[in-house]
Amino acid sequence: MEQETQAPKAIVSRRTFLSGAAAAGALAALGVMTGCSPKAKGEAKAETVANANAPTSQADWLGEAPQTSDADCTEILDFDVLVIGAGTSGYFAAASAAESGLKTLLIEKSTAGNSVRSSALGAVNSKQQQEHGVSIEPADIVNDMDHYALGQIDARLVRKWAENSGEAIDWYTDLMTENGMEVQLEWNMPEGTLYKEWATGHGTNGEYPSREQDVARILDAYITSFPGCEERFETPMESLIVEDGKVVGAYAKSKDGSIRINALRGVVVATGGYAYNQDMYAALQPTRLSCLGTFDAFPTCTGDGIKALMRIGAQMDAVHTSLTFNRCLLAQDQEVGDAYTTGANYGYYFFSSQPFLRVDHAGNRFHNESAPYDFVMNASSKRAVGDRFWHQIWDSNWQDDIYRLHTTGCSTICYHEGADHDAWPEMVDEWIAPEMESFVEAGYIQKADTLEELAEKIGITDKETFLATCERQNENFDNQQDPDFGKEPFRLTELRNPPFYGTVKSCGLTLCTLDGIMVNESLQPLGEDGAPIEGVYVIGNDQGGFYAGTYPNLAVGINAGRCATFGRMVGKALAEK
């Protein structure tokens, strides 16, 4: 009989800033809807396949286009702009179009627009950055992003983000301030890191996930305050309408039947990628899937916009990419790679992004733990299917270590101000420490008085190798040098102080996909012939060309910032047509 794994109680800090994704993960373990997490994974499976690791063909996941016609419609609506999808990019696009005087309709297939991000919105040269003396040369960050992508992205898109993001986030900051929500910048980055860390992340304060919902309500009220502007939820898109080679609107489904929505100025597609479409993910990203324990994507992210655009001739990015965190914990009886069936019965452990020692199942260290989140998945993917997990190891000194480790963005634990740090004791004492013990009780983490005992408890297959690795870790700490993988000296930790902790199975969880439809600099989709398709624009995670193979998370909040910036840009551009 298989042992049942109980989801641990979530303990969420009252004071959250760029740690919002961590609180989201804790709530996700209980099936609570947050800005990064589905309401209940087990209840909203999309297009289930018998074996999620078995690749499928494009014909399998693309499917046939819905055959809707005007004759099927119960209603015909006329607007200047139609925005499809109420996530971060869709909200910013609808708000921008509405304030520009365009009659705008925002439609969304879920019941509310809670998928808007309030934390970690990446920008370059915002007012807050200028106030804190943070100066980022656009060419520098563009080249860093291009470096991560091995030159496989459209660097012009990254430059557009860098040059326009400051204005977009300033607008957002002002709107939130007017409505009683503070937006802060995580401006102090660690020095001497191997990988450049960028002070780009802006986020709102407040309890999580209520702040996501509050941001959505503020944007709902703002958009609908303009004459003729509307929002309709529980209204999924069926297909795009093309006339004379130009997109002129879309068919959507209401509670009463199909509706036709005409869009005089243009249609904006922002449906959020395809992370919850099992057929698409298995076909396009089978290696990444084999390293995952679950998904923290919204169940509504099933590739609707990408498929609709491909059905009218748009081309998809050839380099498939996910935004993946290294924070999923599984129990011994749960399998890595079976990501769509794990549901809420797993441990989202925000602490796993701290750069403590990581070893494979035989006890060998195998990468630089200070690297970006998904590098550990890439390293694990070189092992046999079924062994694509790792163990994270730390000791009782962790509460002192985390301040020195000084991670940023979604793994921030203490917010460093100048030469000192403003610790968040309530995060440590009220959330992280109790959660750590709850994960021990639930079987995701083991705790032991000796490293020998820990090796047995977490299932290390070669105890002697593991003990030698731990001894090497202590040697590197004493010497303040890592000749094996080059980790920064200030991020080295020792393993001498019991109790010792180790994860049973650490693996990845994907928040969203990042490979969508290829676009030009005007954010229009490109057809197979390379020419733009008129009348339609693609933003957010439906858009490709911005990433290739990895999510460079050390440019804090770059994806949410891209979504916000391009949404705002396209709304203003439509007003100028």
Are the side chain of W198 and the backbone N or O of I136 linked by a donor-acceptor pair below 3.5 Å?
-> no
Side chains of T412 and E186: is there a donor and an acceptor less than 3.5 Å apart?
-> yes
If the plane angle is over 60° it's perpendicular, under 30° parallel, otherwise tilted; pick one for W187 and H132.
-> parallel
Specify the closest pair of heavy atoms between P552 and T550, including all atoms of both residues, with the distance to one decimal.
-> CD-O, 3.5 Å
Parallel under 30°, tilted from 30 to 60°, perpendicular over 60°: which one fits the rings of F295 and Y276?
-> perpendicular
Any V504 side-chain heavy atom under 4.5 Å of I445 side chain | no
Pair T294-Y340, side-chain donor/acceptor within less than 3.5 Å | no
Scanning both residues in full, the closest heavy-atom pair of G540 with C563 reads CA-SG, 3.6 Å
Sub-3.5 Å donor-acceptor pair from the side chain of N520 to the main-chain atoms of L523, do we have one?
-> yes
Heavy atoms of C291 and V336 approach each other most closely as C-CG1, 3.7 Å
Give me the one residue out of E369, Q473, R404 that meets side chain to side chain donor-acceptor pair (under 3.5 Å) with T493.
-> Q473
Do you know which two heavy atoms are closest between Y551 and N559, and how far apart they sit?
-> OH-N, 3.2 Å
Do the side chain of T177 and the main chain of T173 share a donor and acceptor less than 3.5 angstrom apart?
-> yes
Residue pair R365, D482: steps toward the salt bridge (charged side-chain N to carboxylate O under 4.0 Å, His left out) verdict | CA-CA 12 Å; R365 185 181 178 210; D482 178 16; 2.9 Å; yes
Looking at W394 versus F351, is the centre-to-centre ring distance below 6.0 Å?
-> yes
Would you confirm whether S165, through its side chain, and V124, through its main-chain N or O, come within 3.5 Å as a donor-acceptor pair?
-> yes
R327 to Y373 six-membered ring, cation-pi geometry met (6.0 Å, 45°) = yes
Roughly how far apart are S370 OG and L492 CG, rounded to 0.5 Å?
-> 9.5 Å
Answer yes if the side chains of D515 and Y274 hold a donor-acceptor pair under 3.5 Å, and no otherwise.
-> yes
Only one of S380, S290, S381 passes side chain to side chain donor-acceptor pair (under 3.5 Å) with R388; say which it is.
-> S290
Is the closest side-chain donor-acceptor distance between N125 and Q129 under 3.5 Å?
-> no
Does the separation of the ring centres of Y444 and Y348 fall below 6.0 angstrom?
-> no
Would you say the side-chain atoms of H391 pair up with the backbone N or O of G502, donor to acceptor, closer than 3.5 Å?
-> no
Does a salt bridge link D170 with R568, judged by any charged N lying under 4.0 Å from a carboxylate O?
-> no
Using 4.0 Å as the upper bound for N to carboxylate O, is an ion pair formed by E167 and K160?
-> no
Euclidean distance, R288 CZ relative to T324 OG1, rounded to 0.5 Å | 4.0 Å
Can you check side chain to side chain contact (heavy atoms under 4.5 Å, CB included) on W398 and D395, steps first, answer last?
-> CA-CA 6 Å; W398 68 267; D395 71 7; 5.6 Å; no
Counting N and O atoms only, with roles assigned by atom type, does the side chain of T407 sit under 3.5 Å from a partner on the main chain of Q354, one being a donor and the other an acceptor?
-> no
Measure from NZ or CZ of R358 to the centre of the six-membered ring of F366, then state whether that distance is under 6.0 Å and the direction lies within 45° of the axis.
-> no
Which heavy-atom pair separates T408 from E197 by the least distance, and what is that distance?
-> OG1-OE1, 2.7 Å
Is the number of heavy atoms from other residues, nucleotides or ligands under 6.0 Å of K127 NZ greater than 12?
-> no
